[in-house]
Amino acid sequence: MIAWTTDGQFHSGYFLLVMLGLVLNHIALNMTDDYYDFRHLVDVFTTARIILIRGKRNLSSGLIRPNEMRAVFTALYAIAIGIGLFLGIMRGHFVLLL
């Protein structure tokens, strides 16, 4: 819808920016969930069955440090917000409401 507003033409660049913003936001959200699960010791008592359902936990297995993960998901949120602001400026204030 953002790629097609005001002039009735589809703009593939805006569409790709929306998709990139959505993907980055979703990745950041998953990382945020893992980070706070780790901080609240949710992953300490996981069993093999839970690991199969929820996937491998990078923080609890020591593959990444909590501060590094927080820095990455914060940067991803900042990029997604930047994309949203850019689209809001370029396509109108209605986009900012979304």
Side-chain angles (χ1 to χ4, degrees):
M1 177 143 176
I2 293 169
W4 202 348
T5 56
T6 45
D7 55 3
Q9 294 180 352
F10 180 77
H11 298 280
S12 60
Y14 292 135
F15 175 76
L16 292 174
L17 272 178
V18 169
M19 294 306 294
L20 177 63
L22 287 172
V23 168
L24 292 178
N25 188 62
H26 189 73
I27 292 169
L29 182 60
N30 285 337
M31 292 177 76
T32 304
D33 181 52
D34 288 345
Y35 175 79
Y36 283 103
D37 282 352
F38 178 78
R39 292 219 29 211
H40 294 277
L41 303 175
V42 173
D43 294 331
V44 171
F45 303 108
T46 58
T47 63
R49 182 175 178 272
I50 293 173
I51 290 172
L52 289 175
I53 294 169
R54 296 184 64 201
K56 187 174 183 178
R57 297 299 184 201
N58 293 325
L59 286 171
S60 58
S61 62
L63 294 175
I64 187 170
R65 292 190 316 236
N67 291 339
E68 293 171 343
M69 182 173 269
R70 187 178 60 225
V72 170
F73 72 69
T74 301
L76 292 176
Y77 281 132
I79 294 168
I81 290 169
I83 289 172
L85 291 174
F86 172 77
L87 289 170
I89 292 168
M90 298 303 291
R91 302 307 290 170
H93 297 294
F94 175 70
V95 174
L96 292 177
L97 293 175
L98 296 175

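The basis for the numbers below is simple: all heavy atoms, side chains too, and nothing from hydrogens, waters or symmetry mates. All of these numbers come straight from a predicted model, not from anything done at the bench.
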Joint cluster assignment, F86 & I83, ILVMFWY side-chain distance < 4.5 Å: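 Per the 4.5 Å side-chain linkage, F86 and I83 are co-clustered.
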Hydrophobic cluster membership, F38 vs L29, 4.5 Å side-chain cutoff: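 Cluster IDs for F38 and L29 match.
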Selection residues 78-88 - residue pairs positive for side-chain hydrogen bond (donor to acceptor under 3.5 Å, both in side chains), sequence neighbours left out: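 side-chain hydrogen bond (donor to acceptor under 3.5 Å, both in side chains) check on residues 78-88 returns no pairs.
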Under the salt bridge (charged side-chain N to carboxylate O under 4.0 Å, His left out) test, residues paired with R39 that sit two or more places apart: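 R39: no salt bridge (charged side-chain N to carboxylate O under 4.0 Å, His left out) contacts found.
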Set of side-chain hydrogen bond (donor to acceptor under 3.5 Å, both in side chains) partners for T74, sequence neighbours left out: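 Here no residue qualifies.
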With sequence neighbours excluded, residues passing side-chain hydrogen bond (donor to acceptor under 3.5 Å, both in side chains) with R70: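 Y35, N67.
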T32 side chain reached by Y77 side chain, heavy atoms, under 4.5 Å: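 Contact flag for Y77/T32 side chains = yes.
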Pairs involving residues 73-89, ordered by first then second residue, that meet salt bridge (charged side-chain N to carboxylate O under 4.0 Å, His left out) (sequence neighbours left out):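 Checked against salt bridge (charged side-chain N to carboxylate O under 4.0 Å, His left out) - neighbours excluded - no pair reaches residues 73-89.
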Inter- and intrachain pairs under salt bridge (charged side-chain N to carboxylate O under 4.0 Å, His left out), touching residues 8-27, at least two apart: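 Counting only pairs at least two positions apart or across chains, no salt bridge (charged side-chain N to carboxylate O under 4.0 Å, His left out) contact touches residues 8-27.
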Spacing of Y14 atom OH and M90 atom CE [to the nearest 0.5 Å]: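 Between Y14 OH and M90 CE, I get 3.5 Å after rounding to 0.5 Å.
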Residues in side-chain contact (heavy atoms from CB on, under 4.5 Å) contact with L85, at least two apart in sequence or another chain: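 In terms of side-chain contact (heavy atoms from CB on, under 4.5 Å), with neighbours along the sequence ignored, L85 is linked to I81, L96.
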Closest non-hydrogen atom pair, M31 against M69: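 So the two residues come closest at O-SD, 3.6 Å.
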Donor-acceptor contacts, no H, no angles, side chain residues 16-25, under 3.5 Å, sequence neighbours left out:
none

